[in-house]
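These numbers come from the heavy atoms of this one structure, side chains and all, not from hydrogens, waters or symmetry mates.
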Amino acid sequence: MPWDRFKKYYYTNSALGFSLDVSRIPFPDDFLERMEPAMQSAFLAMAALEGGAIANPDENRMVGHYWLRNAALAPSDDLRESITGTVKQIREFAAAVHTGKITAPGGKRFSQLLVVGIGGSALGPQLVNHALGQPGSDRMAVWFFDNTDPDGMDYVLAGLGEKLAETLVVVISKSGGTVETRNGMLEATAAFKAAGLNHAGHFVAVTGAGSKLEDVAKAEKWLERFPMWDWVGGRTSELCAVGLLPAALQGIDIDAMLAGAAAMDRVTRGTVTRENPAALLALMWHFATDGRGAKDMVVLPYKDRLLLFSRYLQQLVMESLGKEMDLQGKVVNQGIAVYGNKGSTDQHAYVQQLREGVNNFFATFIEVLKDRAGSSMAVESNVTTGDYLQGFYLGTRDALSEKDRWSITLTIDEVSPRTLGILIALYERVVGFYATLVGINAYHQPGVEAGKKAATGVIALQRKLLVALRAAGSPQTVESLASCTSSDPELAFKVLEHLAANGVVRKTAQTPWHRSTYGC
């Protein structure tokens, strides 16, 4: 009896403007009771985390992103003062930029904002920019360098054009050693110099104390520096200077974002499982995936402004939960894969497979009740475009249910700074609860570090190949170059092809292809 089940398991909180429907996950009636001891352990673990326990033994650090929206929870006066002082610094800096108290060299007001970062240092700001921006009325237009792709950076610089002279650049890197961000900073610096502009008068750093980036910012006398603490991970950094500074410069109400997150924190700090939406979501993930990632999570927000929410959740969920080892050192290969589009675009993209293909997922629908700021025209008698959007969402959900495809629905009143803070805080807590339920550490990322190390190895190989080519004095095959550099021939081939495409080496094509030669 779907209606009876809906009544039983529907969670709603009018003060938050938030509702959660888990009734379409077919857990048995005794599931919540059976999981209650494990859930209570998760509540205790979360309380210890918020109290300042060492949550990441790999780096001997605390994890305190919850303190960002309630500094009183921080375990020391220094931390509390640093959090509140940074928010004050952000407000004051943004106000000075908006009023023209702080200007570009030569006196031009800043109208453009270029954010240089990667991963959490870009995904959170991009989500907020897209979800809450008002083109034409934002205090500043926002652009991003979020990769080490030269063509992508050229695309952004072409868009800025002559407005580069009015561009404020925020470079975000905790260590200052993140290669992609460093490369973006160097490319931006070169662009300013090519335009005859003093880049230091345009640049701001968000970084850790004593980092390489802080050293550069100090030496070059950048406009300002904002702290990035070691107890805030990149994927949970949207509500520190990483996300709050770009949002404030854009003109978004950061106090409302913080208030929304704090409100959701208060609710999800409760230890009554049925009254805690983060606990309910974590348990649904556990049931839907057998507690081992057996199914993927498809995130379907029926709102254009939330298009990037699935990308944001990809990093938050997959980097936090994708772990080889559990807390006892046992190989478990945990994780939940996340992908998504938006409604009703997904009707024309991959819902066909979701309904009739491999049943290897559960869906998360995000419903937004308010269609737009003003009233809507009728496209049919008494029917608006927003009515159709809801119709497609409800119809798709039912179409999936008919084929035993499971789903969860989150409903918010509107997309606003407050509700975005609510969603961010909700999923941060869900990830923490779920990690405890399955016995893994959500707050380290050895796989990411392995990828960075491997990339460094490729750059080292490139240098070796160039040295070998110059020493040879004549064109060489891949196999000969791989032999003299003691490298993998396939990897050497890929590096040489890239160098040839960019004019660094000369390629002479031969048949078969692996007899082709490369020379300086």
Side-chain angles (χ1 to χ4, degrees), residues 1-27 31-32 131 260 264 267-268 273-289 295-307 309-310 312-313 317 336 338-347 350-351 354-355 359 361-371 386-416 419-420 422-427 429-431 433-434:
M1 295 189 291
W3 173 244
D4 288 340
R5 185 173 174 83
F6 178 78
K7 285 192 298 181
K8 185 175 183 178
Y9 293 118
Y10 183 67
Y11 169 89
T12 187
N13 188 314
S14 58
L16 284 178
F18 172 88
S19 301
L20 173 66
D21 174 18
V22 299
S23 67
R24 295 186 185 225
I25 300 290
F27 57 92
F31 175 71
L32 297 182
M264 179 56 83
V267 170
T268 55
T273 300
R274 291 289 294 269
E275 298 174 8
N276 186 324
L280 289 172
L281 265 179
L283 289 168
M284 293 307 100
W285 290 5
H286 195 281
F287 180 84
T289 70
K295 289 192 175 184
D296 301 337
M297 177 164 60
V298 181
V299 180
L300 302 173
Y302 274 69
K303 201 68 174 176
D304 284 3
R305 286 186 174 274
L306 295 179
L307 168 66
F309 194 57
S310 60
Y312 174 81
L313 288 182
V317 175
I336 299 176
V338 179
Y339 61 95
N341 198 343
K342 66 177 184 181
S344 65
T345 301
D346 58 71
Q347 321 280 132
Y350 51 69
V351 164
L354 296 185
R355 187 173 188 270
N359 190 357
F361 71 95
F362 67 100
T364 298
F365 291 95
I366 301 177
E367 176 190 25
V368 181
L369 295 178
K370 189 172 183 179
D371 290 337
D387 297 334
Y388 263 111
L389 187 65
Q390 187 192 43
F392 281 123
Y393 140 62
L394 292 172
T396 300
R397 191 175 64 156
D398 281 349
L400 294 182
S401 293
E402 287 171 1
K403 293 291 186 176
D404 193 31
R405 269 58 173 173
W406 305 347
S407 69
I408 296 164
T409 297
L410 276 67
T411 302
I412 55 175
D413 290 346
E414 60 183 352
V415 177
S416 67
T419 55
L420 202 57
I422 282 170
L423 289 176
I424 288 169
L426 172 70
Y427 276 96
R429 184 99 42 179
V430 177
V431 162
F433 283 156
Y434 182 85

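Of all non-hydrogen atoms in Tyr350 and Asn341, the two that sit nearest each other are OH-N, 2.7 Å. In plain terms, the two heavy atoms of Leu16 and Ile422 that are nearest each other are O-CD1, 3.4 Å. Residues Trp406 and Ala288 come closest through the heavy atom pair CZ3-CA, 3.7 Å. Looking at every heavy atom in both residues, Ile336 comes nearest to Lys295 through CG2-O, 4.0 Å. Residues Phe433 and Ala282 come closest through the heavy atom pair CB-CB, 3.7 Å. Between Lys342 and Asp304 the shortest heavy-atom distance is NZ-OD1, 3.1 Å.
For Ser401, the side-chain contact (heavy atoms from CB on, under 4.5 Å) test picks out Arg24, with sequence neighbours left out. Annotation: side-chain contact (heavy atoms from CB on, under 4.5 Å) contacts of Pro277 (sequence neighbours excluded): Tyr11, Phe18, Leu20, Met264, Val267, Thr268, Leu426.
When each of Tyr9, Phe362, Trp285 is checked for a ring pair (Phe, Tyr, Trp, His ring centres under 6.0 Å) with Phe27, only Tyr9 meets the rule.
The aromatic rings of Tyr312 and Phe309 lie parallel to each other, their planes meeting at an angle below 30°, with 60° marking the opposite boundary. By the 30° and 60° cut-offs, the orientation of the rings of Phe31 relative to His286 is tilted. The aromatic rings of Tyr302 and Tyr393 lie tilted to each other, with the angle between the two planes from 30° to 60°.
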TODO: Please report the C-alpha distance between Asp21 and Arg397 in whole Å, then the side-chain angles of each, then the deciding distance to 0.1 Å, and finally whether the side chain to side chain contact (heavy atoms under 4.5 Å, CB included) criterion is met.
DONE: CA-CA 12 Å; Asp21 174 18; Arg397 191 175 64 156; 3.2 Å; yes
- [ ] Evaluate the criterion side chain to side chain contact (heavy atoms under 4.5 Å, CB included) for residue pair Arg405 and Arg355; output intermediate values, then yes/no.
- [x] CA-CA 7 Å; Arg405 269 58 173 173; Arg355 187 173 188 270; 5.6 Å; no
Open item on the list: Leu306 vs Val415, test: side chain to side chain contact (heavy atoms under 4.5 Å, CB included). Steps then yes/no.
Closed with: CA-CA 8 Å; Leu306 295 179; Val415 177; 4.2 Å; yes
- [ ] Kindly determine whether Met297 and Val338 satisfy side chain to side chain contact (heavy atoms under 4.5 Å, CB included), including the steps that lead there.
- [x] CA-CA 5 Å; Met297 177 164 60; Val338 179; 3.7 Å; yes
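Contact annotation: the side chain of Arg274 approaches that of Lys8 to within less than 4.5 Å [non-hydrogen atoms, C-beta and beyond]. Looking at Leu410 and Phe365, their side chains never come closer than 4.5 Å, going by heavy atoms from C-beta outward. In this structure, Leu281 and Ile408 have side chains that are in contact, with non-hydrogen atoms separated by less than 4.5 Å.
A donor-acceptor contact closer than 3.5 angstrom links the side chains of Tyr10 and Ser19.
Here the CD1 atom belonging to Ile366 is positioned 6.0 Å from the CG atom belonging to Leu423, to the nearest 0.5 angstrom. For the atom pair CG of Leu280 and CD of Glu275, the computed distance is 10.0 Å after rounding to the nearest 0.5 Å. Distance check, rounded to the nearest 0.5 Å: CZ of Phe361 to CG of Leu354 gives 4.0 Å. Atom CE of Met284 sits about 11.5 Å away from atom OG1 of Thr364, to the nearest 0.5 Å. A distance of 10.5 Å separates CZ in Phe287 from OG1 in Thr289, rounded to the nearest 0.5 Å. Atom NZ of Lys403 is separated from atom CG of Asn359 by 11.0 Å, given to the nearest 0.5 angstrom.
The closest donor-acceptor contact from the side chain of Lys7 to the backbone of Pro2 lies at 3.5 Å or more, if one exists at all.
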